[in-house]
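Both ligands and their constituent atoms are indexed starting at 1 by order of listing. Every value quoted in this text rests on a predicted model; they were computed, and no experiment measured them.
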Amino acid sequence: MLHFTASLPYDQRLALCDIRGSIAHVQMLAENKIIAVEEAELIVNGLAGIREEVEDDSFPYDLDFEDIHMNIEKRLTEKIGSVGGKLHTGRSRNDQVALDTHLYLKEEISTIDSLLKRLQETLLDLAELFQDVLIPGYTHLQRAQPVLFSHHLLTYFWMLKRDRERLEGAYKRADLMPLGAGALAGTGFAVDREQVAGKLGFGHLYENSIDAVSDRDYIIEFMSFASLLMMHLSRFCEELIMWSSFEFGFIELDDAHTTGSSMMPQKKNPDLAELIRGKTGRVYGGLISILTVMKGLPLAYNKDMQEDKEGLFDTIDNLKALLPLFAEMLQSMSINKTRLQKAVDDDYLCATDLADFLVRQGLSFRDSHHVVGEMIALCGQQGIRLRELTPLKRSEFHPALAGEISFLLDPVKVVEARRSRGGTAPSAVLEQMKIARGLLS
Ligand code: ARG
């Protein structure tokens, strides 16, 4: 029973947050004359000693004491005697564990946010580096229209911007101070919750003690932020994997981020991108798990809620590991300009522009769409590109096509024409990059 219910194996990592929270609590107790100043000093010193033990890995974790909170309290009384028992005055493990998780998550959110910012910077740097490179844009995974490679990369910049906004929301909800809620109803001791919040750098207090110990929204919000982020990264990984395949050959990932096959000498497997794509599964799993744990739980604390930790910690660990690797993988990849050039030279990609040209000659878009469709059908039959149709042949489709049309079929010109705000023209992308830089500074 003890081993089954213990959380110590994984909540150990809350030790430093637990100690920080306890020090703030005990100082508040003394400042409000709930315990004597000398007692508080003994306890604070004892806790500082325990912090050192945690930091140099000499803390004697003992599974007979269920969780990190009981372990630290037991160690405290070992070190300073029965006065250690005063630490828990006006407090329950229910508000204590909530406090610890809030403190912990707030810190980790800041770390993860800076990793996301770094990834955005990487994307922006690459977008600047590849400003003149074109790539086919796809819909339905069919070549659609040429776009700037920078434009494509920056798509992920904006996804990350929204991810960071969601993370900021999770931070706001983590920035509520639960201590003082006691087991659920508050405490009869004259505690000053604002003082504790001030000492620990919290922006706000929970206004309802039952809510304070029952709430896990901040964890769910973080997990849902993480799930969306992983969804984005998995799409990016999928593209990197495709682009680096023999069939596409648009990019090459650095050897550091690929592996060979133990059997097939020619293989260069994009393991890192694949595994990041794969990690998405467990992050979603963590979200579904905590949502399911919380569903239908009566107020207030229930032991079920101890299940809030492992998925959270696993997600945090994975994000902190994979975000820097992702940035490295992008920085070190090389692009195959020849292959990209060849791919965008496929002038079917400019069919829309040919149709637009006919619209400017007075045709309705439906009619011009039809005309160009017929031209492509003919080219398809003959195995040629649009630019290879003779002026005479073209004029059979529409008299206006008898003249020079090569400018309509030049991907560079086609891209240059898409000057609408947010479009793929170099001038519009430059504007986009300016806005993006501004956001990061
Ligand atoms: N280990 C517990 C958890 O993580 C701490 C809170 C326990 N509270 C209780 N009343 N048993 O949820």
Within the structure, does His69 bring an N/O atom to less than 3.5 angstrom of an N/O atom in ligand 1?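 Between His69 and ligand 1 (N or O atoms, distance only) the closest approach is not under 3.5 Å.
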
Any N/O of Lys303 closer than 3.5 Å to an N/O of ligand 1?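 The answer is no, given that Lys303 and ligand 1 share no N or O pair closer than 3.5 Å.
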
To check your reading of the model: name the closest protein heavy atom to [atom], its residue, and the distance in Å.
atom                    : answer
atom 2 (C) of ligand 1  : Gln306 OE1, 3.3 Å
atom 5 (C) of ligand 1  : Asp67 OD2, 3.5 Å
atom 8 (N) of ligand 1  : Asn94 OD1, 2.9 Å
atom 4 (O) of ligand 1  : Lys309 NZ, 2.4 Å
atom 7 (C) of ligand 1  : Tyr301 OH, 3.5 Å
atom 11 (N) of ligand 1 : Arg93 NH2, 3.5 Å

How does Gln96 reach ligand 1, if at all, at less than 4.0 Å between non-hydrogen atoms: by side chain, backbone, both, or neither?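 For Gln96, there is no contact with ligand 1 at all, from either part.
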
Whether Trp243 and Phe250 hold their rings parallel, tilted or perpendicular, with breakpoints at 30° and 60°: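 Aromatic pair Trp243/Phe250 classed tilted.
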
For Tyr10, does the six-membered ring have the charged nitrogen or CZ of Lys309 within the cation-pi criterion, i.e. under 6.0 angstrom from the centroid and within 45° of the normal?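 No, Lys309 does not sit over the ring of Tyr10.
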
Tell me whether the guanidinium CZ or amine NZ of Arg385 lies under 6.0 angstrom from the six-membered ring centre of Tyr348 and within 45° of its axis.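 Yes, Arg385 sits over the ring of Tyr348.
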
Numbered atoms of ligand 1 (with element) below 4.0 Å of Ser7, judged on heavy atoms: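 What qualifies from ligand 1 is 1 (N).
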
Worked verdict on His232 versus Asp163 for side chain to side chain donor-acceptor pair (under 3.5 Å): CA-CA 9 Å; His232 293 151; Asp163 289 328; 2.8 Å; yes

Do the charged groups of Glu252 and Lys268 touch, with an N to O distance under 4.0 Å?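 Yes, charged N to carboxylate O under 4.0 Å.
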
Salt bridge flag under 4.0 Å for residues Arg437 and Asp125: yes

Is the number of heavy atoms from other residues, nucleotides or ligands within 6.0 Å of CD (Glu55) greater than 12?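 Atom CD in Glu55 is packed in, count exceeds 12.
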
